[in-house]
2 protein chains.
Amino acid sequence: MSNITDNAFKSISILYRKSHIWLNEGCAQYALTGAQAVVILIVCDFEMLTQDTITKRLGLDKSVIAKTVSKLEEIGFLVRTTNAKDKRTYDIRPTQKAWDVYALVKEQVDLCFQRMTQPMTDSERAEFARLLLLAAEGAIAADD
Amino acid sequence: MSNITDNAFKSISILYRKSHIWLNEGCAQYALTGAQAVVILIVCDFEMLTQDTITKRLGLDKSVIAKTVSKLEEIGFLVRTTNAKDKRTYDIRPTQKAWDVYALVKEQVDLCFQRMTQPMTDSERAEFARLLLLAAEGAIAADD
DNA sequence: CCAATTTAGTGGCACTTGCAACCAGATATT
DNA sequence: AATATCTGGTTGCAAGTGCCACTAAATTGG
């Protein structure tokens, strides 16, 4: 009964949901949802990319990114222009409005991670971050 | 740019979503969704509990549990009886049908964790599980 | 004992996500 | 060059979740 992996699985769910609640709260002051905030971060980090790149980086379904990106364009955080070389794809770039919130949003994400790992020592936190990255890369690679 | 905590946050999201996709796939053969499977596990572990206990254990909103539990009752995995001492609450107990899938479902959850931590050594996996538990307990305690 | 507060559970709405079907443009095969 | 296949993106639908407002029962304070 109640073995370790069972609980580890539940823990991932709990951490995901709680951290997203916190991020939503933290981003509400910028009129952004957590899901939108994450996309803004990645678009600012790359400065110019396609929806497909975002999809692969975040491990989300392409339809989800399509919806979030068009919403963010609508509310003025991104611009999409048809790529000249491949007319199927968009070049997505941040607007000034995105750059204005970039650092603030990143801070909210960091705060969520601090809060999530609040019972940990600094070295545990670092190890936790390392293992999370390792697992996530594996999970993305796993489904080809 | 692209700092560690930022990526750790994204990693949690990726792991959550991928693991739930895997669990859904693994539980489909028992005509259960991943969300239902997790509730069956906890109800079998406790043998008898209230919706409120499930809510607290899983860190989910009480309305979510209400919906999942009534669905599971409808399809015959649980029974709810009004508690004699406190007429607001239900006593929730697993049926034979739940016990029949219990071990199989637990195995699916374990498989998901193995798959999720596939790039890790055994000691990394154990440490990862420990840190996940620690963080999740903190996250549940954090919002009082 | 009665009023106020707390607690367990429900129902409605909105957001996020995944999946499947689809379309249009690009690439490969012949 | 024509056809087939692949790829990036869109749309509609369904499930999971969170929040809010609500009800009914229990508990607390006068």
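We use all heavy atoms of the structure for the numbers below, so side chains are in, but hydrogens, waters and symmetry mates are not. Chain naming here is simple, since letters A, B, ... match the order of the sequence lines and numbering starts at 1 in each. This structure is a prediction, so every number in the text was calculated from the model and none was measured.
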For B/L23 and C/dT17, give me the distance from atom CG to atom P, rounded to whole Å.
19 Å
Tell me: CG of B/D91 to C1' of C/dG9, nearest whole Å?
14 Å
Taking NZ, NE, NH1 and NH2 as the nitrogens, is one of them in B/R125 or B/D122 under 4.0 Å from a carboxylate oxygen of the other?
yes
Check this one for me: any side-chain N or O of A/T55 less than 4.0 Å away from OP1 or OP2 of D/dG8?
no
Tell me the interatomic distance from A/L72, atom CG, to C/dC15, atom P, rounded to whole angstroms.
14 Å
Ranking D/dT11, C/dG12, C/dG9 by distance to the side chain of A/K67, first place goes to D/dT11
Taking any heavy-atom pair under 4.0 Å as a contact, classify A/I65: base, sugar-phosphate, or nothing.
nothing
If the cut-off is 4.0 Å, is A/T33 near the phosphate of C/dT16, judged by side-chain N/O to OP1 or OP2?
yes
Can you check the B/K85 NZ to D/dA25 P distance for me, whole Å?
18 Å
Rounding to a whole Å, what distance do you find between A/N24:CG and C/dT16:P?
7 Å
Mark yes when over 12 heavy atoms from residues, nucleotides or ligands other than B/Q118 sit less than 6.0 Å from its CD; otherwise mark no.
no
Roughly how many Å is it from CG in A/D61 to P in D/dG16, rounded to a whole number?
17 Å
Closest nucleotide among D/dG18, C/dA8, C/dT10 to the B/Y90 side chain:
C/dT10
Consider the side chain of B/S63, meaning its heavy atoms from C-beta on, and name the nucleotide among D/dC20, C/dA20, C/dG25 that approaches it most closely.
D/dC20
Out of C/dC19, D/dG8, C/dA8, which has the shortest distance to the side chain of A/R88?
D/dG8
With no hydrogens and no angle check, just 3.5 Å: does a side-chain donor-acceptor pair link B/D110 and B/Q114?
no
From NE2 of A/H20 over to C1' of D/dG18, roughly how many Å is that when rounded to an integer?
13 Å
Taking the side chain of A/A66 as heavy atoms from C-beta outward, which of C/dA8, C/dG25, D/dT10 is closest to it?
D/dT10
Can you check the B/I75 CD1 to D/dA15 P distance for me, whole Å?
12 Å
Compare every heavy atom of A/T50 with every heavy atom of A/T53, then report the nearest pair and how far apart it is.
OG1-OG1, 3.0 Å
